[in-house]
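As a basis for the values below, the full set of heavy atoms in this structure was taken, side chains included, without hydrogen atoms, waters or symmetry mates.
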Amino acid sequence: MKIIEKRFMDTVVDITCDVCEQRVSANIKGEDCEVKADLAASFGYGSGEDGNEYHVDLCESCFKIALSALKEHRRVLVMFDDEHNLPDEKFGLDLERCSR
């Protein structure tokens, strides 16, 4: 026998970029598709951020700006270090999961 009961639950109906507040979904062939990046961090014991968790939804444009800032920071850190390579266009790219 099926016992049926009405239940309500939260459902994500749209996502906006936490930086520029633009919608991060695109309508492709009549289907809404997420076109976004997630920036997340979870800090544990011993960290100055111990117990803090962060999550930021980013549009593609804001993600590229954030990645560019991180590449520049990396470039500054290793600029005069012969043991480390400067970041290139593949910086941060997961080559094992990427179609490129």
Side-chain angles (χ1 to χ4, degrees):
M1 168 184 0
K2 292 182 183 176
I3 300 171
I4 299 173
E5 178 180 293
K6 290 191 186 265
R7 294 189 179 196
F8 298 97
M9 65 178 162
D10 291 337
T11 303
V12 175
V13 295
D14 203 2
I15 300 173
T16 58
C17 177
D18 289 325
V19 176
C20 69
E21 298 184 343
Q22 296 295 310
R23 227 173 146 241
V24 294
S25 58
N27 192 300
I28 301 171
K29 297 182 181 178
E31 296 288 326
D32 276 337
C33 301
E34 288 183 8
V35 185
K36 71 177 186 80
D38 296 308
L39 177 62
S42 178
F43 292 93
Y45 183 73
S47 166
E49 292 279 341
D50 187 8
N52 289 339
E53 294 198 22
Y54 295 86
H55 180 262
V56 180
D57 291 312
L58 299 170
C59 67
E60 187 174 357
S61 177
C62 288
F63 170 76
K64 288 181 177 180
I65 291 168
L67 186 62
S68 177
L70 291 170
K71 284 168 81 169
E72 182 59 28
H73 183 63
R74 169 74 178 164
R75 186 175 286 110
V76 169
L77 290 175
V78 301
M79 187 181 311
F80 301 110
D81 187 344
D82 292 334
E83 294 181 24
H84 294 93
N85 295 324
L86 292 172
D88 60 13
E89 70 280 348
K90 294 181 182 175
F91 177 77
L93 197 59
D94 187 343
L95 297 174
E96 291 181 14
R97 300 180 72 193
C98 186
S99 61
R100 293 182 188 190

Fill in the blank from the handout: Distance col, row Glu72:CD vs Met79:CE, nearest 0.5 angstrom, shows 7.0 Å

Practice task
Assess whether atom CD of Glu60 is packed by more than 12 heavy atoms of other residues, nucleotides or ligands within 6.0 Å.
Solution key: no

Exercise for the section: Could you state whether Val78 and Leu70 fall into the same hydrophobic cluster, counting links through intermediate Ile, Leu, Val, Met, Phe, Trp or Tyr residues with side-chain heavy atoms under 4.5 angstrom apart? Expected result: no

Practice task
Any chance you could pull the hydrophobic cluster mates of Tyr45, using side-chain heavy atoms under 4.5 angstrom and chaining through other members?
Solution key: none

Exercise for the section: Taking the side chain as every heavy atom from C-beta outward, state whether Phe63 and Ile65 have any pair of such atoms under 4.5 Å apart. Expected result: no

Exercise for the section: Measure the spacing between CZ of Arg23 and OG1 of Thr16 and express it to the nearest 0.5 Å. Expected result: 10.0 Å

Handout entry: Distance in Å, Asp38 CG paired with His55 NE2, rounded so as to fall on 0.5 Å steps
Key = 3.5 Å

Problem - Taking every non-hydrogen atom, the tightest pair across Cys59 and Cys17 - result: N-SG, 3.3 Å

Exercise for the section: Please indicate whether His73 has more than 12 foreign heavy atoms, meaning atoms of other residues, nucleotides or ligands, lying under 6.0 Å from its NE2. Expected result: no

Completion exercise
Rounding to 0.5 Å, atoms CZ (Phe91) and CG (Leu67) come to a distance of 6.5 Å

Exercise for the section: Please name the pair of heavy atoms, one in Glu89 and one in Lys71, separated by the smallest distance, quoted to 0.1 Å. Expected result: CA-NZ, 3.8 Å

Problem - From Gln22 atom CD to Leu58 atom CG, the distance as rounded to the nearest 0.5 Å - result: 13.0 Å

Handout entry: Closest approach of Asp88 to Lys90 (non-hydrogen atoms, all atoms of both residues)
Key = OD1-N, 2.9 Å

Fill in the blank from the handout: The reported gap from CD1 in Ile15 to OG in Ser25 (rounded to nearest 0.5 angstrom) is 7.5 Å

